[in-house]
Amino acid sequence: MTRSTGDTNTADQTSAAPGWRDPSTPIDQRVELLLAAMTLEEKTAQLHGLWVSADTSGAPVAPHQHDLSQELPVWEEAIAQGLGQLTRPFGTVPVDPAAGRASLARSQREIMAANRFAIPALAHEECLTGFAAWTATVYPVPLAWGASFDPDLVERMAAQIGRSMRDVGVHQGLAPVLDVARDLRWGRTEETIGEDPHLVATVGTAYVRGLQSSGIVATLKHFAGHSASRAGRNLAPVSVGPREFADVLLPPFEMALREGRAGSVMHAYNDNDGLPAAADHGLLTRLLRDTWGFEGTVVADYFGVSFLHTLHGVAESPSRAGALALASGVDVELPTVACYGDRLVAGVRAGRVPEELVDRAARRVLRQKCALGMLDPDWSPEGPATVQVSDNGGVSVNSRALDADPAEHRVLDLDPPEHRALARRLAEESVVLLDNPAGLLPLTRTRTMAVVGPLADTADAALGCYSFPAHVGRHHPDVARGVEIPTLLESLAEELPKTHIDHAEGCSVDGESTEGFAEALTSARAADVCVAVLGDRSDLFGRGTTGEGCDATGLTLPGVQQQFLEELVATGTPVVTVLVSGRPYALGTAADRLAASVQAFFPGEEGGSALAGVLSGRVNPSGRLPVSVPRDPGGQPATYLGPPLAHRNQVSSVDPTARHAFGHGLSYTSFGWENPRIDDTPPDPGQPAPTTTDGSVTVECTVRNTGAITGTEVVQLYLSDPVAQAAQPVRRLIGYTRVPLEPGCARTVRFTVHADLASYTGPAGQRIVEPGELVLTLAASSADPGLPFPVLLTGPVRPVDHTRRLTCDIQLGSGAPADPLPRSPRR
């Protein structure tokens, strides 16, 4: 590439190369004109971030000392050649959003003034449970999204998150997590959407659509294999075979890129069969770029490039680590520069790194900035005007300054009533009623209640690891939480004003003390019902019982909670467990003696209200398990998605059958499934419905609410392939839909299934659809016998690829409409 010479004045430079500033010029042409004018140092400056924190007074951002072994960078030196990204300006310390926006805008102006081309930096933030910023709405964790089985609501949530981020000057969000849960001992299980690739793919893709509809670039993570680590340990090696990798771990990324048009991908930390993802050219270039056609940016997981040297041992130095990652396809080093920057420049100068690799990555970064409007002559750091999602992927923003009246922008409400209402709706939909054998729930006639357990009266029960109050707020105990989080105890008192409620903690989440047992047991014996609120505290790297770096050796409740539960059950008072956790737990023999059990996965700021609503009956539960609940606390961590030998059989003394299967969930009403039909004909077990290896069939049934109250059934469609060239799961989910119904009402549910959905990776490594018998089953869970529909595929074996059909066409007949989203006022 040629390098610019002469005066560094931005106006002169723009005059010398007017095309790259012209919004009417095609983006690719603009980027090539700009790239040709940049020096090597200016291009490499676009390939890394700088970790900063916005200033609470609105002064420009300050570099953040994220690693005590590194000196703080000098701001003026760090931005002299330009800057690719600003890392977590809002998610590093508590900062008022209006002051943070002003701080970020001032810094962007400094960055633009410092480099010859006035190119701003792209600011990114975490947004897994909402925008990870002080005072922003805390939504339920992704495992709760999966429990809702409601992609449409997740899409609406993501759009709200994106608008909050855009309003303060952020451009990129580090979400969603598309790892498929494989070992539930893994601390980051709470960040996954579930153990089924179709559920993860559909819900994750909906999140991408919602976030990018607001002008925020979605970042898919972690690509790929992170959740399949040995023994569920963080960053541990991954040893899955190529078929499992292709059929279980990759499909969510395929769908989110193809149908969601995600603009960015983050590489995973792990190695796959010895090859770290950050150094895997086959994964990041041949598959992602050459096969799937991805045109966005690949960003490093934090310190992931350095880890090639320090943890994986595949690079002898930081310089070599940077060269290896760049060649493999990592465009941007995050959170800050350690292996790129000057080391890349030196590598190019010495002939060790081809400059074409720098150009390739810089081209992708500049193309993204151009699409966001950041290279337009009138771009302003104060905010965008309009947002468009392009047909071929990515996000486009037409920018304008928001300078009319600064007073209009001094107050920013990142937790408005409409956000809280949606957070509550999603929390309510995600609560799973696991057991209710005697119909004790809802607690409509309870006079006295003991509410015990370590999570009954704490906001911690609502918070996932990447929520701002947990991730950052706990390090600033002198700062207010920023959002109101009613506890379950407080919410129950509001829901049940005529019930006398006595509270005792009993024990801590992970401590060993039993001193509090006596008070709680006394309270339980004196009550009509005991509600035991148990589970996890989410945090980082061993500070919690779940969360990143907080892995478990088994699936027994942390600390002395299991002992506490067993002693509560022994009182003879009916015990209702409410598990609020980041993973499922086996409750041992106590589970068989419970009056009822409810599962919630860190339900966010309105989770207390949602859970109280389920217990009181105000909310009819409709959540379904996105992960199986094990029967054995010894920890059979396998998911439902296994071939026959992964299930109960005669060749092993260990029975891995789950206590509650994937997809399970009860309701306070009852449903009848009627009139099953395949291609408009009742199914005949002895006569499979015929279609071809490139054809389709339609299966349907009528779902009726046979109870007395309004409720929502979740109809799930599973595919079984009993005889195949490679061992297949006994069942795997290929479709689902929520069916809301008034009492006595019915709706027809119809799934059109293309043969592509029966495809799998064959012995030769090619995805195929082969002739033979299949069984499609409409069921209420992965273990429910449901309504089976035999199908016979005829014709030749047909190869398919990533362009295959990925979802069913689903139609709901007329019936009772869905409940409107409540517009409740702020609590």
Completion exercise
P643 meets the side-chain contact (heavy atoms from CB on, under 4.5 Å) criterion, sequence neighbours left out, with A646, A727
Problem - With V703, the side chain to side chain contact (heavy atoms under 4.5 Å, CB included) member among L812, V714, L741, T737 - result: L741
Exercise for the section: Using atom types as modelled and distance alone, determine if a side-chain donor or acceptor of S328 lies under 3.5 Å from a backbone N or O of A279. Expected result: yes
Fill in the blank from the handout: The residue among V298, T291, D290 that forms side chain to side chain contact (heavy atoms under 4.5 Å, CB included) with T285 is D290
Completion exercise
Those residues at least two apart in sequence (or on a different chain) that pass side chain to side chain donor-acceptor pair (under 3.5 Å) with R258 are none
Exercise for the section: Using the side chain to side chain contact (heavy atoms under 4.5 Å, CB included) rule, pick out the option among T698, L757, V699 that qualifies with F751. Expected result: V699
Problem - Cation-aromatic face contact R731/Y718, 6.0 Å, 45 degrees - result: yes
Completion exercise
By side-chain contact (heavy atoms from CB on, under 4.5 Å), D684 pairs with (sequence neighbours left out) Q687
Handout entry: Pairing of D801 and R767 as salt bridge, 4.0 angstrom limit
Key = no
Handout entry: Short N-O contact, D183 and R230, less than 4.0 angstrom
Key = no
Completion exercise
Taken to the nearest 0.5 Å, the spacing of L174 CG from C127 SG works out to 6.5 Å
Problem - Salt bridge R233-D551, side-chain N to carboxylate O under 4.0 Å - result: no
